[in-house]
2 protein chains.
Amino acid sequence: MQKQEHLTKNQQIVLDFIEKSSEPLKAYSILFSVKKQGIKAPLQVYRALDRLVEIGKIHKIESRNAFVACKNSNCQVSKATAFSICESCEDVTEVSNLKLSKYLSNFADKSGMKYNKYNLEFFGLCKKCKK
Amino acid sequence: MQKQEHLTKNQQIVLDFIEKSSEPLKAYSILFSVKKQGIKAPLQVYRALDRLVEIGKIHKIESRNAFVACKNSNCQVSKATAFSICESCEDVTEVSNLKLSKYLSNFADKSGMKYNKYNLEFFGLCKKCKK
DNA sequence: AATTATTTGTTATATTATAACATTATGTAA
DNA sequence: TTACATAATGTTATAATATAACAAATAATT
Ligand SMILES: [Zn+2]
Ligand SMILES: [Zn+2]
Ligand SMILES: [Zn+2]
Ligand SMILES: [Zn+2]
């Protein structure tokens, strides 16, 4: 039996909710919001989140313990992610920059370790908050 | 009254313990280990950790919720950090690469947002685990 | 239909982190 | 040096994030 390719009901519910949001969502706030759709327990949300991250439909913003939908169709399925985060309004945007992703994907330091994945988070003030 | 510059007792205890460790440490494992030195509560550890991160003596590995001592004397005080993480043995090393840090510190994408801080985590298999 | 792997539901619990408030220590300045 | 302000600490309780364990249901494979 192979892993399903389509999304299961719970995964779809969680994904729909995250995609509608303009900001990163926390697991328990998702849980609260999808209770009316039959999802009752944290694990149901976390399992859906895990899978959605795995297949690259969403990403986890590690410094915020929050999740955003992938806006980048070219995204290398959750293997190479970069975000810009405003430290004032907490606005998060996925950085989509070919040069950057090439640079990082090919990065190799003296350790000789070859990386197959990275996550980068930039912090600063967004245009609105800089004023 | 200005913030102290030297480390307080708790901060020193926590820093000493982290510096002695060869691997990233979690807050509660630090707490357990420094109890004999009079630190009794999570908050005492978290407050020390916060300050130590702020002044760049340690860094937080966001994807692991763990803390490592800064091994990089050139480190721009916790504003520009990069790590390589082995997904098998969980070994973590601070990446110290001038080209990389220059590239990222100067990075600007189309959003026009100017970043003053970043954190990058590379994942892969270390030499030992690749075998 | 029997087999197997996968997904789901459910309860309980582990882990990580902060709120709130009282107390003590330390620097500043009249 | 005494008042004042700010900073650091201690302590208890609680919030927020995440997983363990196991039984039940579902779906692909033989
Ligand atoms: Zn993406
Ligand atoms: Zn902003
Ligand atoms: Zn460092
Ligand atoms: Zn390894």
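Straight-line distance from the CG atom of Leu7(A) to the P atom of dT8(C): 10 Å, rounded to whole Å. At whole-Å resolution of the value, CG in Asn10(A) and P in dT10(C) are 10 Å apart. Taking atom CD on Gln12(A) and atom P on dT8(C), their separation rounds to 12 Å, with Å as the unit. In this structure, the CG atom of Leu25(A) is 15 Å from the C1' atom of dA16(D), given to the nearest Å. Look at CZ on Phe32(A): it is 14 Å from P on dT17(D), rounded to the nearest Å. dA18(D) atom P lies 12 Å from atom CD of Glu62(B), rounded to whole Å. Rounded to an integer number of Å, the gap from Lys35(A) NZ to dT10(C) C1' is 13 Å. The nearest whole Å value for the distance from the CG atom in Leu31(B) to the C1' atom in dT11(D) is 13 Å.
Counting only heavy atoms from C-beta outward, the side chains of Phe67(B) and Leu25(B) never approach each other to under 4.5 Å. With contacts defined as side-chain heavy-atom distances shorter than 4.5 Å, the pair Gln12(B)/Asp16(B) qualifies.
Side-chain N/O atoms of Lys40(B) include one lying less than 4.0 angstrom from OP1 or OP2 on dT11(D). A sub-4.0 Å separation between OP1 or OP2 of dT9(D) and a side-chain N or O of Gln44(B) is absent. At least one side-chain nitrogen or oxygen of Arg51(A) sits closer than 4.0 Å to the OP1 or OP2 atom of dT7(C).
Judged purely by atom type and a 3.5 angstrom limit, Ser105(B) has no side-chain atom pairing as donor or acceptor with the backbone of Lys102(B).
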Side-chain donor-acceptor contacts of residues 31-46 of chain A below 3.5 Å, not counting sequence neighbours, with atom names and distances?
residue	atom	partner	partner atom	Å
Ser33(A)	OG	Ser29(A)	O	3.0
Gln44(A)	OE1	Lys40(A)	N	2.8
Gln44(A)	OE1	Ala41(A)	N	2.8

For nucleotides 13-19 of chain C, give me one character per nucleotide, 5' to 3': B if any protein heavy atom sits under 4.0 Å from the base, S if the only such contacts are to the sugar-phosphate, - if neither.
---BBBB
Test side chain to side chain donor-acceptor pair (under 3.5 Å) applied to Asp109(B) and Ser111(B), step by step
CA-CA 5 Å; Asp109(B) 66 357; Ser111(B) 79; 2.8 Å; yes
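Using a 30° and 60° split on the angle between ring planes, Phe107(B) and Tyr115(B) fall in the parallel class, below 30°.
Electrostatic pairing of Glu121(A) and Arg64(A) does not count as a salt bridge here, judged by no charged N lying under 4.0 Å from a carboxylate O.
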